[in-house]
Amino acid sequence: MRGSMPLARLEHPKDGRADLVLAHPERRNATSIGLLEEAIRLIQGVGSDRSVLVIRGEGPHFCAGIDLDEVLESSDTCFRLLRLLSQLMREVRRVPAITIALVQGAAIGGGFGLLCACDFAIGTPNTKVGYPPIELGLSPALMTPWLVQKIGPSAARAFMLRGGTNTGTEAARLGLLTDLVAEEELSESTDRLADQLLGADPTALRTTKRYLNHFEGSDQDVILDHAADVSATLMSRDATQRRVSSFRQPPNPH
């Protein structure tokens, strides 16, 4: 919580649909421990009467990374942060409702992970998708299982080792975005897809999603736990901490 304001909230715009809103726009909806804990709790509370879950960010960005203030706190905080992010991605993939990421602005770091975990991701040519520069010493290992499932091992290998971000157009070409639409059509296109899914048989959708999760292995925890710990170990190194700290400091004007 920031004061009395929640960092995430659940809305119910129509029967059968819920919207998970990341609600910390002044920090570009960065995945802090507080935001992650609230989002996990809210998804776990999505009822069986909801067959579609739209995930979106408040303000101009979907989710522009992890909270670097918390990254610099301690090694224990790094591990807690990455494990919570991994748990949220699993909750998104395993919730019975079909998930749609409405990706405005940036989906970087933790936001990129959420995008990969969703069943659908709708963005625009101006959407920015990816991971912080590899020069920082951070690793997208946490996202590896999800990224490989989404775009295949060869494309995922090049994407992870190169680091950095891609435009929405390039992200759609790679398969990171399932739908690419004009900026002014983003909300309407998301609503249209949600309505299409709401018109399908909910039991068939849930059964198909559960089967796909099992087939691809996203219902297994051992690999996902290890991936989170690999990222956290690299993030908590002294060298990475120094680079992240330097990255966050404004340039000296003198």
Side-chain angles (χ1 to χ4, degrees), residues 1-71 73 77-123 127-129 131-132 142-143 146 186-187 190-191 193-194 197 209 218 224 228 231-232:
M1 302 282 285
R2 61 191 198 282
S4 60
M5 298 292 290
L7 297 173
R9 65 178 183 273
L10 204 61
E11 298 179 349
H12 301 282
K14 62 171 54 180
D15 288 347
R17 170 176 164 176
D19 284 19
L20 174 66
V21 183
L22 310 180
H24 200 181
E26 57 268 34
R27 294 299 296 268
R28 302 195 299 172
N29 302 315
T31 50
S32 63
I33 286 173
L35 185 147
L36 289 167
E37 289 178 335
E38 289 186 38
I40 289 167
R41 176 181 57 81
L42 290 170
I43 290 183
Q44 290 175 340
V46 172
S48 59
D49 60 327
R50 304 289 158 174
S51 55
V52 174
L53 175 65
V54 174
I55 302 177
R56 55 188 175 87
E58 191 172 90
H61 296 287
F62 177 69
C63 175
I66 61 175
D67 191 315
L68 294 181
D69 289 341
E70 293 184 343
V71 167
E73 280 185 14
T77 303
C78 286
F79 274 85
R80 184 179 177 197
L81 184 63
L82 270 295
R83 287 169 178 169
L84 281 170
L85 177 56
S86 181
Q87 183 183 348
L88 178 58
M89 292 165 64
R90 292 178 227 192
E91 297 289 349
V92 168
R93 182 58 65 91
R94 296 173 187 177
V95 68
I98 306 303
T99 51
I100 306 171
L102 188 164
V103 190
Q104 82 281 22
I108 299 172
F112 175 58
L114 282 180
L115 178 157
C116 288
C118 284
D119 299 308
F120 294 89
I122 303 179
T127 295
K128 183 184 288 187
V129 172
Y131 204 74
L142 182 148
M143 286 83 170
W146 312 89
L186 183 57
S187 292
T190 303
D191 291 342
L193 175 58
L197 293 167
K209 177 172 178 173
S218 60
L224 301 177
S231 282

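All values below come from the heavy atoms of this structure, side chains included, with hydrogens, waters and symmetry mates left out.
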Side chain Lys209, main chain Pro96, donor-acceptor under 3.5 Å:
no

Counting distance only, does the side-chain N/O of Thr99 pair as donor-acceptor with the main-chain N or O of Leu53 below 3.5 Å?
no

Ignoring hydrogens and geometry, is there a side-chain-to-backbone donor-acceptor pair from Glu91 to Ile43 under 3.5 Å?
no

Is the side chain of His61 donor-acceptor paired with the backbone N or O of Gly105 at a distance under 3.5 Å, no angle test?
no

Main chain of Leu186, side chain of Thr190: is a donor-acceptor contact present, judged purely on distance under 3.5 Å?
yes

Looking at CD of Gln104 and OG of Ser187, how far apart are the two atoms once the value is rounded to the nearest 0.5 Å?
8.0 Å

Donor-acceptor contact present, side-chain Glu70 to main-chain Ile33, <3.5 Å:
yes

Donor-acceptor under 3.5 Å (Ser231 side chain, Leu142 main chain)
yes

Between Arg17 and Asp191, is there a salt bridge with N-O shorter than 4.0 Å?
yes

For Gly59, does its backbone N or O pair with a side-chain atom of Arg28 as donor and acceptor, under 3.5 Å?
no

Donor-acceptor pair, distance only, cut-off 3.5 Å: does the side chain of Arg94 make one with the backbone of Ser218?
yes

Where the side chain of Ser86 meets the backbone of Ala228, is there a donor-acceptor pair that is under 3.5 Å apart?
no

Should Glu58 and Arg9 count as an ion pair when the cut-off is N to O under 4.0 Å?
yes

